[in-house]
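Scroll down for the structure; my scribbles are underneath it.
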Amino acid sequence: MLPIDAAAHSSRWRRRPPVDKAVLGLGLTVLAISLPPWPGADLVLLTALAVLLGPAGVPGRRLWRAYRVPLGFCVTGAATLLVQVGGPDGFLTLAAEGHVRAGELLLRTSAASLGVLLFAFTTPMSDLLPRLVKAGIPAPVVDVALVTYRMSFLLLDSMRRIREAQAARLGHTTRAAAWRSLAGLGATAFVRAFDRATRLQAGLAGRGYDGTLRVLVPEARISVRFTAASVALLATLAALTLVLERPLT
């Protein structure tokens, strides 16, 4: 199980309906994209951090491990706005007002990423995917997503076991041995993936699979109080942004 998925299963908001958490987490993401980067994205970023580390109860170290990957993409994307290619001053020069646009993009994307992580850290995929059918997503599409989600963990577990076996046999002592081990890992994982898929297909056929995977989903009523508080928080952030808006210079 991935760390973010394990955190979602142990979250304080684990039993809340996905709709409640989507209103808050995805609402923050929408605000980060649509509001002016200053001070809108800053307010969204601080609010998302406060909710993640506070009421949601996400450990700071685990949050940083998950956040540093999208943050790296945010920094890389913003860095490209600092320079321009071509022009009268040379092939590669600093862009006019590049630092302003880069800062705005970094604020927007980093805040939006935290909004998505708020939803991901509190909502397991096993709770979300079966409910997508009620939201109008075709059942076959949801079934493929469920099977892919399950198979990905089985494949990751198989790769971990293979790497441990290779390390126990000194398969990573030299560079040549490491490359041979990597090739063997890829080949074995490929074969095992097809073997598991074949066995899964045979098992489903033996149980009378008719094109739909029926999964029992616990009943969860939408909390009017939680949703109303989330909407009020989002509205407050939007109003506060419009009041405090200043140009980023």
Residue pair Leu170 / Thr173: nearest heavy atoms and the distance that separates them = O-OG1, 3.3 Å

key: Shortest non-hydrogen contact from Pro36 toward Arg108   = CA-NH2, 4.0 Å

ask   = What heavy-atom pair brings Ala32 and Ala111 nearest, and what distance separates the two atoms?
value = CB-CB, 3.8 Å

ask   = When you measure from the side chain of Ser110 to the backbone N and O of Leu107, does any donor-acceptor pair fall under 3.5 Å?
value = yes

ask   = Any donor-acceptor pair under 3.5 Å linking the side chain of Arg12 with the backbone of Gly54?
value = yes

query = With hydrophobic residues grouped by side-chain heavy-atom distances under 4.5 Å, do Val23 and Leu117 end up in a single group?
reply = no

request  = Step by step, work out the side chain to side chain contact (heavy atoms under 4.5 Å, CB included) result for Trp179 and Leu182.
outcome  = CA-CA 5 Å; Trp179 280 110; Leu182 181 61; 3.9 Å; yes

key: side-chain contact (heavy atoms from CB on, under 4.5 Å), paired with Asp20, selected from Val224, Thr227, Thr122   = Thr227

inquiry  = Quick check on Arg199: does its CZ atom have over 12 non-hydrogen neighbours (other residues, nucleotides or ligands) under 6.0 Å away?
reply    = yes

inquiry  = Please evaluate residues Leu71 and Trp64 with respect to the criterion side chain to side chain contact (heavy atoms under 4.5 Å, CB included), reporting the C-alpha separation (whole Å), side-chain torsions for both, the decisive distance (0.1 Å), and the verdict.
reply    = CA-CA 10 Å; Leu71 184 61; Trp64 168 244; 3.9 Å; yes

Side chain to side chain contact (heavy atoms under 4.5 Å, CB included) evaluation trace for Arg192 with Leu155 = CA-CA 8 Å; Arg192 289 193 178 185; Leu155 183 59; 5.7 Å; no

query = CG of Leu49 to CG of Leu114: how many Å apart, nearest 0.5 Å?
reply = 5.0 Å

key: Leu63 CG to Tyr67 OH distance, which is reported to the nearest 0.5 Å   = 8.5 Å

request  = State plainly whether one hydrophobic cluster holds both Leu237 and Val243, where clusters connect Ile, Leu, Val, Met, Phe, Trp and Tyr through side-chain heavy atoms under 4.5 angstrom apart.
outcome  = yes

inquiry  = Rounded to the nearest 0.5 Å, what separates atom NE2 in His99 from atom CD in Glu104?
reply    = 10.0 Å

message = Return the CD to CD distance between Glu164 and Gln166, rounded to the nearest 0.5 Å.
response = 11.0 Å

Closest contact, heavy atoms only, Val58 versus Leu53 = O-CD2, 3.4 Å

message = Restricting to non-hydrogen atoms, name the atom on Leu128 and the atom on Pro18 that form the minimum distance, rounded to 0.1 Å.
response = CD1-CB, 4.2 Å

message = Quick check for you: to the nearest 0.5 Å, what is the distance between Ser181 atom OG and Arg163 atom CZ?
response = 8.5 Å

message = For a quick test of reading the model, state the closest non-hydrogen atom pair linking Ala178 to His172 and the distance between them.
response = CA-CD2, 4.3 Å

inquiry  = Students often mix this up, so state it plainly: with edges at 30° and 60°, are the rings of Phe194 and Phe190 parallel, tilted or perpendicular?
reply    = tilted

query = Does Leu233 belong to the same Ile/Leu/Val/Met/Phe/Trp/Tyr cluster as Leu31, with side-chain heavy atoms less than 4.5 Å apart forming each link?
reply = yes

message = For the CZ atom on Arg16, are there more than 12 heavy atoms of other groups (residues, nucleotides or ligands in this structure) within a distance under 6.0 Å?
response = yes

message = Can you tell me how far apart OG (Ser113) and CG (Leu28) are? Round to the nearest 0.5 Å.
response = 12.5 Å

ask   = Should we count CZ of Arg161 as having more than 12 external heavy atoms under 6.0 Å?
value = no

inquiry  = Using a 6.0 Å cut-off, check whether atom CZ of Arg61 has over 12 heavy atoms from anything other than its own residue.
reply    = no

request  = Starting from the C-alpha separation in whole Å, work towards a yes-or-no answer on side chain to side chain contact (heavy atoms under 4.5 Å, CB included) for Trp13 and Leu118.
outcome  = CA-CA 11 Å; Trp13 291 352; Leu118 174 59; 4.3 Å; yes

ask   = Among the clusters formed by ILVMFWY side chains lying less than 4.5 Å apart, do Val100 and Ile33 turn up in the same one?
value = no

key: Hydrophobic cluster membership, Leu82 vs Phe73, 4.5 Å side-chain cutoff   = no

Any Phe119 side-chain heavy atom under 4.5 Å of Val116 side chain = no

